[in-house]
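Report on the structure given below.
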Amino acid sequence: MKSVKITLAMAENVKQFVNTVSKYPYDLDLRSGRFLIDAKSLLGIFSLDLSKPLVLEIHNDNCDELLNDLKPFIIK
């Protein structure tokens, strides 16, 4: 499992993010504080506090292509 911090500041970013992660067959979760939701759930993401960075948990170790696709959202 890998984890990266991401930001989804605007509603359009959330839509792009969900479209991107939905292409991948493995499980992805988003964590905000004590809340954990499915990263492929548009409504679930909007239930989180998007003003703060989120932690994306990728349940696959071979995810380099996904990380490359998510570069615009990843916080360095």
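No experiment lies behind these values; they were computed from the predicted model shown.
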Shortest non-hydrogen pair, Ser32 vs Leu54, comes out as CB-CD2, 3.6 Å
CE/Met1 to CG/Asp61 distance, rounded to the nearest 0.5 angstrom? 9.5 Å
Is the shortest side-chain heavy-atom distance between Ile58 and Leu66 below 4.5 Å? yes
With rounding to the nearest 0.5 angstrom, report the CG to CG distance, Leu28 to Leu56. 5.5 Å
For residues 35-75, which residue pairs qualify under ring pair (Phe, Tyr, Trp, His ring centres under 6.0 Å), counting only residues two or more places apart or in two chains? Phe17-Phe73
Using every non-hydrogen atom in the two residues, find where Leu36 and Arg31 come nearest and quote the distance to one decimal. CD1-NH2, 3.8 Å
Does any N or O in the side chain of Asp38 come within less than 3.5 Å of the main-chain N or O of Asp29, such that one atom is a donor and the other an acceptor? no
Residues Leu48, Leu8; criterion side-chain contact (heavy atoms from CB on, under 4.5 Å); working and verdict: CA-CA 10 Å; Leu48 299 175; Leu8 299 170; over 6 Å; no
Identify the two heavy atoms, one from Cys63 and one from Lys2, that lie closest to each other, and give their separation to 0.1 Å. SG-CD, 3.5 Å
To check you understand the geometry: which heavy-atom pair defines the closest contact between Lys40 and Pro25, and what is its length? NZ-C, 4.1 Å
At what distance, to the nearest 0.5 angstrom, does CG of Leu42 lie from OG of Ser47? 10.5 Å
Closest contact, heavy atoms only, Tyr26 versus Asn60: CD2-ND2, 3.0 Å
Side chain to side chain donor-acceptor pair (under 3.5 Å) pairs, two or more places apart, involving residues 12-22: none
For Ile45 versus Ala39, what's the shortest heavy-atom pair and its separation? CD1-O, 3.5 Å
Name all pairs fulfilling the side chain to side chain donor-acceptor pair (under 3.5 Å) condition that reach into residues 66-76, sequence neighbours left out, sorted by first residue then second. Tyr24-Asp69, Asn68-Lys71
What's the verdict on side-chain contact (heavy atoms from CB on, under 4.5 Å) for Leu30 and Val55, showing C-alpha distance, side-chain angles and the deciding distance? CA-CA 6 Å; Leu30 278 176; Val55 176; over 6 Å; no
Less than 4.5 Å apart, any side-chain heavy atom of Val4 and any of Leu67? yes
